[in-house]
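A quick write-up on the structure given underneath.
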Amino acid sequence: MDISNGLWYLRCVQGGKRLIRKLVVASLSALPLAGCAFVQAGPARTDGTYASKAAQTASSVHSATETALLSIDLADASRITANALSVQLDDVATDASGAHQSFDSVQPPSDKSDALRNQLDDLLVAADNALSELLNDARHHDMAKLDKQRASLQQLSQQLNDLDDQLS
Amino acid sequence: MKRLLTVTLGILTAVGGFVDVGDLVASSATGARFGMSLSWAVIAGLLGIMVFADMAGRVAAVSGRPTFDLIRERLGPRVGLVNLLASTFVNFLTLMAEVGGIALSIELATSVNYLLWIPICGLLVWLVVWHMKFETMERVFGLAGLTLGIAVLAVFHLHPHWHDLASQATHAGKPQKESWPAYWYWAISLFASAMTPYEVFFFSSGGVEERWTKKNLSEERANVFVGFPIGALLALALMALTAIVFLPRETQVEHFSQVSQPVALALGKLGLVVVILGFIATTFGAALEASLSSGYAIAQYFGWPWGKLQPPRQAPRFHMVVIVTVVGAVLVLWTGVDPIKVTEFSLIFSAAALPLTYLPVLAIASDPEYMGDSTNGRIRNLLGTVFLIVVSAAALAAIPLMIWTKGGS
């Protein structure tokens, strides 16, 4: 094996033609599966699966609320432009609402999961409303109102984080 | 003096050109989730791209022909076609991601929905490719991309616990909440973001466009061995910023708008404006490179006249491929597909296609028939072989990991 000779690599390529062909076919076959990779929603047949989806949703919405809190801090310190603030809050509001809808589309498999759904749903509705309101305030450049929401959003964020920790 | 200026400009251009939307997304997302513990993947990707870009640049300088041209001639049309199909697909995904990145950056500056900016961005990319001189294009966007250097300044302004960052970087572990498959998925994404195939096509074809000869080898090496590492430093700075600001808050980075938040926190509105300019410049520059790379790959495979130095009348099919690729990318993005998800997707498919790009580069760079006395020596071949094994392992694991982790979540 003389790796300093280009012919060695050439033989590797030519000897590996079948392997390359198989890999290409396998990769192309994986394309539809790969497309499904980003789909988060799906059925939950057991309480464990449902709790895992609930944890993922709580984590995602907690992430959105924390980002919104950081945006409020930046706005409060005049460290962000009105346009960027509006885009950031729009992004997190869309995220939270998307995660909420996706979670609601999963049917709880038992009464225990149903109770978990109710518990998380209350938090998700509150987060949805708070983030929509923040976005509205940001679009109206109402910084005083924006700051007033901080305490309730912090509380919501903490509750979501606690639930995520409890379920993970 | 003039030569020193040319080399310096080349290095600066390479710094700006190293970072693209893949680095922006992957570095920021991993910093927020894994701290600096995946910085080794950026370093590995940097070493890999340095090894192979140096080979591709040398092939261009010595033979006066770009790598893709030689792949078909040396390895035959069938292997060349497999290579072409994989590269075209990955280039197309990359172009979509970059155009999406420009639109999202402009949205951040204007708060006008990014979908409205997409056709305008596509048109601007095409206009620059059509009208601007190659060297001017490379210099303007490469140098403008240097504004991203503000990320390094922002890291210092946030006064981080350096010991914590160093500890994260030297201990390749994961936070308790994260899974190992997700850790490896993001490691491969980061590795692929440094080794994106279009970078090699562009570097190699660009060398031919700029009429590199053996005399330009020092310039080529300065770009690769000085410019690229500084570019990787910018990617690490972005990772550090999200590790400092988002990791303690257990917040995931899923939007472009979040990438700018740590810079605003550190440097205020001025920092925010500069970093948005940096986003626009780097994604625009990379969009130009990815669109040209599609034209290069296809035209070189079929033996058509190609290149920006050729007037469109003399290379009509090359320019047509570029136009069709840009229009295709705009149309797919206009369906509302999330540009950030496209970026993540493009990185994983890049990883899967990496051996198809880099094995032929190694084969040709170590072939004395083409390279004469500039053929790879034993050390270069050893490094190339080691990285080829790493690249192949990443390629095999990329798609299964994406399916297993549901896109790294």
Side-chain angles (χ1 to χ4, degrees), chain A residues 2-14 16-17 20-21 23-24 26-27 30-31 33-40 42 56 59-60 62-67 69-71 73-74 77-92 94-95 139 157 161 164-165 168, chain B residues 74-76 78-79 82 85-86 107-111 177 245-246 249-252 254-255 257-258 260-261 264-265 267-269 272-273 276 341 344-345 348-349 352 356 359-360 362-371 375-378 381-382 385 395-396 399-400 402-403 405-407 409:
Chain A
D2 180 12
I3 63 164
S4 63
N5 186 343
L7 285 174
W8 184 78
Y9 296 102
L10 187 61
R11 279 189 212 111
C12 282
V13 178
Q14 284 165 344
K17 272 182 184 173
I20 289 174
R21 212 174 297 150
L23 284 175
V24 170
S27 301
L31 271 176
L33 274 176
C36 301
F38 291 97
V39 179
Q40 298 291 334
Q56 209 176 334
S59 164
S60 180
H62 164 256
S63 187
T65 53
E66 281 294 322
T67 306
L69 282 166
L70 181 57
S71 299
D73 287 345
L74 291 172
S78 295
R79 300 181 89 81
I80 189 170
T81 60
N83 287 340
L85 177 68
S86 167
V87 174
Q88 284 171 5
L89 291 175
D90 188 28
D91 284 343
V92 292
T94 309
D95 266 0
R139 283 183 176 156
S157 175
N161 198 34
D164 179 24
D165 286 344
S168 296
Chain B
R74 196 72 177 99
L75 308 180
R78 279 191 182 178
V79 175
V82 170
L85 291 175
E107 182 191 39
L108 198 52
T110 60
S111 87
K177 272 190 176 177
V245 174
F246 290 113
R249 292 175 162 88
E250 296 186 46
T251 303
Q252 296 193 10
E254 289 169 345
H255 296 285
S257 57
Q258 287 173 288
S260 65
Q261 278 183 316
L265 189 65
L267 302 166
K269 283 180 187 168
L272 180 68
V273 170
I276 292 174
K341 291 287 176 223
E344 292 173 16
F345 218 66
I348 286 301
F349 277 97
L356 292 171
L359 175 60
L362 184 57
I364 290 160
S366 55
D367 191 336
E369 216 174 288
Y370 286 102
M371 301 298 292
T375 309
N376 275 355
R378 279 188 180 275
N381 272 338
L382 184 67
T385 308
L396 286 174
I399 294 174
M402 179 168 73
I403 295 164
T405 62
K406 292 192 171 179
S409 55

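Residue numbering restarts at 1 for every chain, and letters A, B, ... go by the order of the sequence lines. Just so it is clear, the structure is predicted and the values come from calculations on it, not from any experiment.
In terms of non-hydrogen atom pairs under 4.5 Å with chain B, the most contact-rich of A:Asp91, A:Val92, A:Leu85 is A:Asp91. Annotation: maximal heavy-atom pairing with chain B below 4.5 Å, among A:Leu69, A:Leu70, A:Asp73, occurs at A:Leu70. Ranked by heavy-atom pairs under 4.5 Å with chain A, the first of B:Met371, B:Gln252, B:Gln261 is B:Gln261. Of all the listed residues (B:Ser260, B:Ala109, B:Gly76), the one sharing the greatest number of non-hydrogen pairs under 4.5 Å with chain A is B:Ala109.
Taking all atoms of both residues into account, the shortest heavy-atom contact from B:Ser111 to A:Asn83 is OG-OD1, 3.4 Å. Nearest heavy atom pair, residue B:Ser257 against residue A:Gln88, reads O-NE2, 3.3 Å. Residues A:Asp164 and B:Lys177 come closest through the heavy atom pair OD2-NZ, 2.9 Å.
Proximity to chain A involves both the backbone and the side chain of B:Ala264, based on heavy atoms less than 4.5 angstrom apart. With a 4.5 Å cut-off on non-hydrogen atoms, A:Thr65 does not touch chain B at all. Only the side chain of B:Leu272 has a heavy atom closer than 4.5 Å to any heavy atom of chain A. Heavy atoms closer than 4.5 Å to chain A are found in the backbone of B:Leu267, but not in its side chain. Of the two parts of B:Tyr370, neither the backbone nor the side chain holds a non-hydrogen atom closer than 4.5 Å to a non-hydrogen atom of chain A.
How far OG1 of A:Thr81 is from CD1 of B:Ile276: 6.0 Å, rounded to the nearest 0.5 Å. Rounded to the nearest 0.5 angstrom, B:Thr251 OG1 and A:Asn161 CG are separated by 9.0 Å. With rounding to the nearest 0.5 angstrom, the CD atom of B:Glu254 is 5.5 Å from the OG atom of A:Ser60.
Contacts of A:Arg79 classified as side chain to side chain contact (heavy atoms under 4.5 Å, CB included), with partners at least two apart in sequence or in another chain: A:Leu74, A:Ala77.
A:Thr67 places none of its side-chain heavy atoms less than 4.5 Å from the side chain of B:Arg249. Looking at heavy atoms from C-beta onward, A:Asp95 lies in side-chain contact with B:His255 at the 4.5 angstrom threshold.
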